[in-house]
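Accompanying notes for the structure given below.
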There are 2 protein chains.
Amino acid sequence: MSVRHTDVTAGPAELEPCGQPGHPECGIRDVLDRVGDKWSVLVIVELANGARRFRQLQRAIEGISQRMLTLTVRRLERDGLVLRTVHPTVPAQVDYRLTETGASLTHLVKALADWSLEHRDTIARARQTYDAQHPDNGIR
Amino acid sequence: MSVRHTDVTAGPAELEPCGQPGHPECGIRDVLDRVGDKWSVLVIVELANGARRFRQLQRAIEGISQRMLTLTVRRLERDGLVLRTVHPTVPAQVDYRLTETGASLTHLVKALADWSLEHRDTIARARQTYDAQHPDNGIR
DNA sequence: CGGGATCCCGTGTGATACTG
DNA sequence: CAGTATCACACGGGATCCCG
């Protein structure tokens with residue numbers, strides 16, 4: 001049962017029970033409900049490099065619609081991860097920047113990216129193997 | 001360009017551009033497409049504490065339907081994060097355990113949970129403030 | 001420029017019934 | 001026990017038009 005700490009990737013992390021009758025709140029769902037959607041992390045990544053205006057964000061994030069960009073930054077603002085500043089010029093000018101809380105999220109995002117890059121090939125091969133052994137499978 | 005390592009929470013992490021024409025692949029979306037859904041992380045959390053059988057998982061994860069548990073473990077299996085073992089008994093007996101890749105994910109999940117618990121109150125207050133200042137808002 | 005309002009559709013998820 | 005099959009539906013998200 002002893003765990004070697006000489007190798008950080010040796011075993012799974014110790015995690016509190018989660019989503020169970022007695023322990024409904026582990027916090028994980030909160031984060032995922034916040035950044036698990038299609039665009040939030042991309043906005044955060046873009047803002048990690050500094051303040052951006054609305055159109056700047058839209059141009060930087062390929063494929064996002066005006067509607068979704070609006071909704072995404074609004075939600076991030078509501079959660080206090082992004083600060084929205086309106087400059088009363090004509091035409092209006094609005095910029096977005098990460099709050100301190102939002103900035104702290106970037107480290108998590110980086111951890112996600114690092115993990116992905118590290119295991120991407122392994123996962124791709126696992127998929128190929130699985131799909132080869134399960135020809136007719138509605139999962140993909 | 002130098003980074004102080006004395007304070008990890010000082011500023012935002014340095015992140016590669018992501019989702020842009022020139023840099024479409026930062027890897028983040030891959031991870032989120034994998035664990036960003038409603039149930040995957042809960043399965044991973046449960047399996048972090050050891051192998052589980054199908055019904056065990058379903059009882060441990062409150063609210064999950066048979067269908068969604070099946071789909072979730074299948075996807076995780078396909079990606080090589082979970083190993084599925086069928087014992088040819090009667091009635092059939094199947095157990096699930098994390099692969100090494102899957103186990104490495106638990107550290108990420110723990111980071112997510114830690115971040116959430118650390119900022120949950122701050123975010124809750126930000127929401128209250130926002131909602132108070134924006135009475136009729138379709139965001140929530 | 002920075003949105004709001006509407007319409008529309010795919011798909012992720014839930015409920016239920018059936019099977020080896 | 002460990003699934004599969006089917007239906008049913010809400011919701012996220014895209015497209016489009018309009019406004020201050």
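Excluded from the calculations below are hydrogen atoms, water molecules and symmetry mates; all remaining heavy atoms, backbone and side chain alike, are included. Below, read A as the first sequence line, B as the second, and so on, with proteins coming before strands; counting in each chain starts at 1.
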- Message: Give the residues of residues 75-83 of chain B touching DNA chain C, defined as any heavy atom closer than 4.0 Å, sorted by residue number.
- Response: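 Contacting residues: B:Arg75.
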Whole angstrom is fine here: how far is it from [atom1] in [X] over to [atom2] in [N]?
| X | N | atom1 | atom2 | result |
| --- | --- | --- | --- | --- |
| A:Ile64 | C:dG3 | CD1 | C1' | 13 Å |
| B:Gln66 | C:dG20 | CD | C1' | 14 Å |
| B:Met68 | C:dA15 | CE | C1' | 13 Å |
| A:Leu71 | C:dG3 | CG | P | 11 Å |
| A:Arg74 | C:dG2 | CZ | P | 12 Å |
| A:His87 | C:dG2 | NE2 | C1' | 14 Å |
| B:Gln58 | C:dG14 | CD | P | 12 Å |
| A:Asp37 | C:dG12 | CG | C1' | 15 Å |

Would you confirm whether [X], through its side chain, and [Y], through its main-chain N or O, come within 3.5 Å as a donor-acceptor pair?
| X | Y | answer |
| --- | --- | --- |
| A:Thr70 | A:Gln66 | yes |
| B:Arg29 | A:Lys38 | yes |
| A:Thr106 | B:Pro12 | no |
| B:Arg34 | B:Leu76 | no |

- Residues that B:Arg78 engages under salt bridge (Lys or Arg N to Asp or Glu O under 4.0 Å), provided they are two or more places apart: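 Testing B:Arg78 for salt bridge (Lys or Arg N to Asp or Glu O under 4.0 Å), a comparison that skips the adjacent residues, returns A:Asp131.
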- Please check if any side-chain donor atom of A:Gln128 sits under 3.5 Å from a side-chain acceptor atom of A:Arg125, or the reverse.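 The answer is no; no qualifying pair exists.
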- Residue pair B:Val35 / A:Leu32: nearest heavy atoms and the distance that separates them: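 Shortest heavy-atom contact: O-CD1, 3.5 Å.
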- Query: For C:dG2, does either OP1 or OP2 sit under 4.0 Å from a side-chain N or O belonging to A:Arg53?
  - Reply: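 For C:dG2, OP1 or OP2 has a side-chain N or O of A:Arg53 closer than 4.0 Å.
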- Are B:Tyr96 and B:Leu83 co-members of a hydrophobic cluster defined by side-chain heavy atoms under 4.5 Å apart?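 No, because B:Leu83 and B:Tyr96 fall into different hydrophobic clusters, even though each may have its own neighbours under 4.5 Å.
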- Message: Is there a path of hydrophobic side-chain contacts, each under 4.5 Å between heavy atoms, that joins B:Val94 and B:Val90?
- Response: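 Result: no, two separate clusters.
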- Positional range of nucleotides in DNA chain D within the contact set of chain A, heavy-atom, under 4.0 Å: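 Extent of the interface on DNA chain D: D:dG13 to D:dA15.
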- Query: Is there a donor N/O on one and an acceptor N/O on the other, under 3.5 Å, for the side chain of B:Arg67 and the base of C:dG14?
  - Reply: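 Yes, the side chain and the base share a sub-3.5 Å donor-acceptor pair.
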- Task: Please figure out whether B:Gln56 or A:Lys38 has its closest DNA chain D nucleotide nearer the 5' end.
- Result: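 Its nearest nucleotide lies further toward 5', so the answer is B:Gln56.
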